[in-house]
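Okay, so here's the structure we're looking at.
Only a predicted model underlies this, so the values are computations on that prediction, with no experimental measurement involved.
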Amino acid sequence: MGDGGPRPGGHTGAVTETRCPCTSGLTYDECCGPLHRQDRTAGTAEQLMRSRFSAFAVGDAAHLLRTWHASTRPAVLDLEPDVRWYRLDVLATSGGGVFDTDGTVEFEAFHRGPAGRGSMRELSRFARGPEGWQYLDGDARQD
């Protein structure tokens, strides 16, 4: 979903009263905000996926790196400041529950940028260890 560093004005108080970018229906403060602030960790792989999408939406590269498994984490992450991620559709999940140690989440994420609108679809793999759920990697999907 694009590499990059934090956008100026990343996740600030302005977004806390609005709907969460992950489209859960909750406010940012009730949903992904606490994960971004490290007030709590994701209980499921899907929660982590949603928080990672929201991190792209608000420009929180630190959360993305923090929740990326060490075996696959890039050294640097440069977010694209002119790309706006605005909708996440979770299409399927497998495993990834509170008693699981691995899981997958298939999703489609929608964006707007200088080149127009677009989307990306991915089957993401997650693992849970001592640090909680972490993103391992993903396979791009075609419609």
Side-chain angles (χ1 to χ4, degrees), residues 1-12 15-16 18-143:
M1 281 194 324
D3 294 355
R7 274 185 265 179
H11 60 100
T12 65
V15 74
T16 62
T18 62
R19 283 185 167 227
C20 192
C22 80
T23 64
S24 67
L26 299 172
T27 67
Y28 178 75
D29 249 3
E30 296 171 313
C31 193
C32 294
L35 279 75
H36 292 175
R37 293 188 303 270
Q38 301 180 64
D39 292 344
R40 65 178 171 87
T41 59
T44 67
E46 182 179 343
Q47 284 178 342
L48 183 62
M49 177 65 245
R50 289 182 175 282
S51 77
R52 288 178 57 81
F53 172 84
S54 291
F56 276 101
V58 301
D60 189 350
H63 178 74
L64 293 165
L65 289 170
R66 189 171 52 248
T67 59
W68 207 314
H69 195 273
S71 67
T72 57
R73 179 186 311 131
V76 178
L77 187 62
D78 295 319
L79 298 179
E80 300 170 34
D82 54 351
V83 174
R84 180 176 169 262
W85 295 93
Y86 65 90
R87 183 175 122 204
L88 174 68
D89 291 348
V90 173
L91 306 172
T93 62
S94 176
V98 294
F99 299 111
D100 295 317
T101 56
D102 58 21
T104 63
V105 178
E106 185 172 0
F107 69 90
E108 187 168 8
F110 296 83
H111 59 84
R112 289 183 193 111
R117 294 175 184 246
S119 71
M120 68 158 292
R121 190 169 172 177
E122 181 178 291
L123 178 66
S124 295
R125 293 186 323 123
F126 297 88
R128 187 171 57 133
E131 297 177 8
W133 284 104
Q134 293 197 306
Y135 171 76
L136 282 171
D137 58 24
D139 294 320
R141 298 291 196 193
Q142 301 297 323
D143 289 335

Show the nearest heavy-atom pair for residues [X] and [Y], with the distance to one decimal.
| X | Y | value |
| --- | --- | --- |
| Gly103 | Trp133 | N-CZ3, 4.0 Å |
| Pro21 | Val58 | CG-CG1, 4.1 Å |
| Val98 | Gly43 | CG1-O, 3.5 Å |
| Arg19 | Gly25 | NH1-CA, 4.1 Å |
| Phe53 | Ala109 | CE1-CB, 3.8 Å |

How long is the straight-line distance from [atom2] of [Y] back to [atom1] of [X], given to the nearest 0.5 Å?
| X | Y | atom1 | atom2 | value |
| --- | --- | --- | --- | --- |
| Arg40 | Gln38 | CZ | CD | 13.0 Å |
| Tyr86 | Arg117 | OH | CZ | 4.5 Å |
| Arg125 | Thr104 | CZ | OG1 | 9.5 Å |
| Arg121 | Leu91 | CZ | CG | 5.0 Å |
| Phe56 | Arg84 | CZ | CZ | 16.0 Å |
| Arg66 | Ser51 | CZ | OG | 9.0 Å |

All salt bridge (charged side-chain N to carboxylate O under 4.0 Å, His left out) counterparts of Asp139, not counting sequence neighbours:
none
Got a sec, which residues hit side chain to side chain donor-acceptor pair (under 3.5 Å) with [X], two or more places apart in sequence or on another chain?
| X | answer |
| --- | --- |
| Ser124 | Glu122 |
| Thr41 | none |
| Glu46 | Arg50 |

Suppose we screen for side-chain contact (heavy atoms from CB on, under 4.5 Å). Which residues come up paired with [X], at least two apart in sequence or across chains?
| X | answer |
| --- | --- |
| Thr67 | Leu48, Arg52, His63 |
| Arg73 | Leu65, Trp68, Ala70, Gln134 |
| Ala127 | Leu136 |

Selection residues 93-102 - residue pairs positive for salt bridge (charged side-chain N to carboxylate O under 4.0 Å, His left out), sequence neighbours left out
none
Summary of side chain to side chain donor-acceptor pair (under 3.5 Å) pairs that have at least one residue in residues 87-97, sequence neighbours excluded:
Arg87-Asp89
Given side chain to side chain contact (heavy atoms under 4.5 Å, CB included), test His111 with Glu80 step by step and report yes or no.
CA-CA 11 Å; His111 59 84; Glu80 300 170 34; over 6 Å; no
Would you call the rings of Phe126 and Tyr135 parallel, tilted or perpendicular, where under 30° means parallel and over 60° means perpendicular?
perpendicular
Run the salt-bridge test on Asp60 and Arg37 with the 4.0 Å N-O cut-off and return the result as yes or no.
no
Taking the side chain as every heavy atom from C-beta outward, state whether Cys31 and Ser54 have any atom pair closer than 4.5 Å.
no
